[in-house]
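Read the structure below first, then the notes.
Any value given below was found using the heavy atoms of this structure, including those in side chains, with hydrogens, waters and symmetry copies removed.
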Amino acid sequence: MSTTSLAALSDDLTLLTGLLYSLGILAYAADFAFGKRRATAAVRPAKEPALVGAGAPVSDGDAVDDTAGETAEAEPAAEPPAEEPGGMGRAVKVALGLTALGLLAHFGTILTRGLAAQRLPWGNMHEFIIMIGFGAVAVFLVVSWRFKAHYAGMFVLIPVTLGIGLAATALYTPVGALMPALKSNSWIGIHVTAAITASGTFIVAGALNVMYLLAARYAKLKETGGEIGFSGIARKLPAAAVLDRLTYRITIFGFPIWTFAIVAGAMWADQAWGRYWGWDPKEVWSFIAWVVYAGYLHARSTAGWRGQKAAWIQLLAFGCLMFNLFGVNLWFSGLHSYAGV
Amino acid sequence: MSTDLTDRDDLDTVPQAPKGPPGLGVLGWLRWFWRQLTSMRTALVLLFLLALASVPGSLLPQRGPEPGKVEQYFTQHPDLAPVLDKFSLFDVFAAPWFAAVYLLLFISLAGCVFPRSWHHLKVMRARPPKAPRNLSRLPESARWTTGLSPDEALEKVRAVLRSKRFRVDVADDSVAAEKGYLRETGNLVFHIALLGLLLAIGLGGSLGYKGNVLVTEGDGFANTVASYDRFEPGRSFSDDRLQPFSFHVNDYKATYITSGEQRGQPATQVADVTYKTAPDAPTEHHRLKVNNPLDVDGAKVYLLGNGYAPTFKVTDGKGNVAMNGPTAFMNADAKTMTSEGVIKVPDAEPDQLAFLGVFLPTTVKTKNGLASAYPGALNPTVTLLSFKGDLGLDNGTPQSVYQLNTNKLQKIKGAARTLRPGDSYKLPGGAGTVQFTGYRHWVSIAVTYDPGRVPALCAAIVAIFGLLGGLLIRRRRVWVRATRGEDGRTVVEAGGLTRTDSGGTFSAEFEELTTELRSTSQGKE
């Protein structure tokens with residue numbers, strides 16, 4: 001296959017990915033609209049994990065659903081939690097299938113672009129966004145498998161699909177070579193891969209965090225009898241405490257990777273630019289995002305800051321991360337600007 | 001302390017958050033202030049201040065990385081810029097207020113971490129606390145019966161817990177076990193490594209130096225302060241720290257992308273360099289590239305940029321060769337390498353001569369005149385505007401080599417002349433002749449020496465490992481009690497507790513553990 005036809009195939013696959021994800025969003029939305037209500041009681045892990053895994057009779061599937069996530073940890077390899085019919089509505093199954101197919105197409109678009117460009121396809125913003133979306137969906141699928149968190153699908157796929165749409169239109173960049181500063185495949189492999197993985201993870205954490213805030217608001221409004229309004233969407237979500245914990249869990253997975261990405265970036269900068277840290281706008285904003293995420297982790301264990309206050313900090317940290325990706329590339333010129341649009 | 005199960009594992013427990021200032025005494029106030037500073041809430045506020053303080057460093061041009069842009073900002077905003085400068089907003093990361101924030105943060109951190117480390121050292125040697133009376137009231141609990149005697153059952157339980165690397169104590173009718181001490185260890189290691197990182201950065205910056213120099217192909221460089229175009233020593237730097245190396249740029253080659261949207265961007269750049277680590281050392285060879293610096297005794301030599309240095313031969317009005325060699329031109333446009341420069345000929349007689357020149361590496365005709373279409377030198381031309389008179393170099397005022405002081409110069413009549421390599425232009429009025437003899441490349445080189453690099457890297461790596469331990473490990477306690485039941489069978493009760501069940505997986509772990517304990521202690525029935 002020639003380079004041009006590979007590049008064209010890659011672009012087609014990008015569209016297919018976006019299409020599959022969009023259909024996935026519709027299916028998740030259908031589950032929200034028509035699916036069974038999830039347990040909103042504070043979650044106590046199931047006492048008998050083997051029951052869930054072995055598919056023993058379970059009367060209320062949805063209730064088990066949320067707790068199963070906690071117990072699935074027990075023996076994930078030996079006994080993956082079976083997806084019992086009762087545990088998951090048909091819409092969710094369709095949605096997960098579409099998501100998995102989308103991820104496959106997503107992988108295809110990355111692979112063909114890499115083959116067309118004859119290099120790792122994460123050298124400019126278009127490719128970077130595609131890669132982060134891939135990371136986010138992959139992390140989501142792992143999370144939904146291990147923690148039965150498929151309810152997060154819509155919240156993860158919406159930003160990812162928007163990102164893909166943006167990458168395919170306004171930020172579209174045809175296949176091309178890299179400038180010499182980026183021609184260090186081992187470093188681009190290490191630093192950029194880490195940044196992509198961390199960003200993808202933070203997208204999932206950010207989606208869960210937003211869901212947590214909605215669920216917490218819903219719970220509070222329900223208690224006080226206030227106007228529920230938009231947060232009524234949380235009616236179908238698990239309890240706030242579950243979401244809070246899962247948000248934290250995913251964040252502490254992403255945070256060390258982000259730290260590593262920054263350190264690896266400093267090592268590359270030392271090789272390429274003659275200093276390991278020079279307060280280039282990209283460096284400044286990755287530092288800011290790191291500091292605010294650190295703030296979230298600290299807030300979560302500071303009396304008076306736990307819960308929703310910490311969640312708002314997490315949201316702010318995510319905002320800094322996204323600003324670092326979009327804002328810095330589009331509005332600032334710096335040493336990273338070749339990664340530009 | 002060891003039985004206090006409500007405190008958190010993270011950095012907010014020691015010292016306790018202050019309740020309020022004590023009534024009397026300077027010492028009391030100091031202690032209160034210290035407690036305030038080292039409390040978690042203060043650390044949190046300082047973290048946010050640090051993030052906030054960094055923002056202007058990305059919004060405004062900074063002197064360190066972009067001195068030219070700062071000057072530009074001053075000309076564009078003559079009123080605002082001096083005010084901003086007063087608040088160090090063009091040197092944010094070297095500003096006193098920025099230093100104040102991070103120093104306070106690190107003092108707060110040290111004040112929290114060191115007492116905690118001391119405390120943790122003691123905890124590391126502590127034994128697990130004895131089993132509480134009622135195990136079924138713990139967040140996790142389980143209960144089963146076995147035909148084994150209580151002692152036999154406990155012995156089996158002990159063996160299983162030991163094999164799972166719990167710290168285990170047996171007392172009377174119960175077993176107490178605890179694991180996950182590495183969480184706090186990792187946590188502390190991470191924070192101490194951050195202090196080490198700051199120290200390494202500070203020391204490295206203070207003892208090191210950095211300098212920039214522009215070297216034309218065929219020229220050399222010796223590492224002395226005077227050889228640099230710009231030299232920034234650290235606070236504790238002294239001249240004898242300069243490594244006595246020298247190098248010579250033999251040749252520079254660049255290739256550019258020739259098609260597509262990225263046309264004109266450099267694809268490869270290589271400077272062929274020979275160097276000596278000391279004047280009497282043997283000559284060595286290095287291919288200097290982006291991402292491939294030259295390392296000489298800890299000093300690193302980087303290739304940063306490149307440009308054209310057209311060469312001229314200038315014959316003056318008296319017929320003598322007043323100049324013959326390259327003049328570095330500055331890139332006016334990176335994509336096409338349109339370069340501009342000033343050629344000064346102070347040795348020309350009777351009048352000194354000067355030229356404003358534009359070098360086009362690949363000259364094409366456009367509607368608006370000549371332009372460069374490509375950064376490679378496919379069709380080089382230079383266009384000169386000529387001056388004669390007094391260059392004003394003798395009055396002692398330093399002059400930029402890239403600017404022309406036209407006070408005492410007069411423009412030589414005639415339009416600008418465009419020359420191809422080899423072309424000559426005879427100036428009107430017998431002022432002389434200028435010949436465009438060709439071009440060379442120049443490379444801009446940065447030399448940095450930072451003895452803190454390696455320590456900083458080590459600190460960063462230690463920090464990452466500490467972070468992993470501190471975030472992913474949990475401290476958890478398990479108790480098991482075996483008593484003879486009324487029916488003669490042994491009743492085994494187990495209870496579990498974790499201090500930070502942030503991940504929520506302790507329930508699962510406890511289930512797994514008790515399942516195993518149960519099957520082991522029921523094994524020989």
- Tell me, side chain or backbone of A:Phe287 under 4.5 Å from chain B's heavy atoms, or both, or neither? side chain

- Item | Gap between atom CE of A:Met267 and atom CG of B:Leu457 - 0.5 Å precision | 4.5 Å

- Item | A:Trp277 vs B:Ile201 side-chain heavy atoms within contact, under 4.5 Å | no

- Query: Side chain, backbone, both or neither: which part of B:Ala456 has a non-hydrogen atom closer than 4.5 Å to chain A?
  - Reply: side chain

- Query: Where is the tightest heavy-atom contact between B:Ala51 and A:Val291, given as atom of each residue plus distance?
  - Reply: CB-CG1, 3.9 Å

- Message: Quick test of your reading: applying salt bridge (charged side-chain N to carboxylate O under 4.0 Å, His left out), list the pairs with at least one residue in residues 452-463 of chain B, sequence neighbours left out, ordered by first then second residue.
- Response: A:Asp270-B:Arg453

- Note on the structure: Heavy atoms of B:Tyr302 and A:Gln271 approach each other most closely as CE2-O, 3.3 Å

- Note on the structure: Bottom line for B:Val301: the part with an atom under 4.5 Å from chain A's heavy atoms is neither

- Side chain, backbone, both or neither: which part of A:Ile313 has an atom under 4.5 Å from a heavy atom of chain B? side chain

- From A:Thr302 atom OG1 to B:Leu44 atom CG, the distance as rounded to the nearest 0.5 Å: 5.5 Å

- Message: Atom NZ of residue position B:Lys210 - does it have more than 12 heavy atoms of other residues, nucleotides or ligands inside 6.0 Å?
- Response: no

- Between chain B and each of A:Trp279, A:Phe260, A:Trp305, count heavy-atom pairs under 4.5 Å; write down the option with the most. A:Trp279

- Okay, A:Trp285 and chain B: the region with an atom under 4.5 Å from a heavy atom over there is side chain

- Query: Minimum heavy-atom separation for B:Ser54 to A:Val284, with atom names?
  - Reply: O-CG1, 3.4 Å

- Task: For the pair A:Trp290 and B:Phe190, name the ring-plane relationship: parallel under 30°, tilted 30 to 60°, perpendicular over 60°.
- Result: tilted

- Item | B:Leu46 side, atom CG; A:His298 side, atom NE2 - distance, nearest 0.5 Å | 11.5 Å

- Item | Side chain / backbone / both / neither for B:Ile461 at chain A, heavy atoms under 4.5 Å | neither

- Query: Looking at B:Leu467 and A:Pro256, what are the two nearest heavy atoms and their distance?
  - Reply: CD2-CA, 3.8 Å

- Name the region of A:Tyr276, side chain, backbone, both or neither, that has any atom closer than 4.5 Å to a heavy atom of chain B. side chain

- Separation of B:Leu471 CG from A:Phe253 CZ (nearest 0.5 Å): 12.0 Å

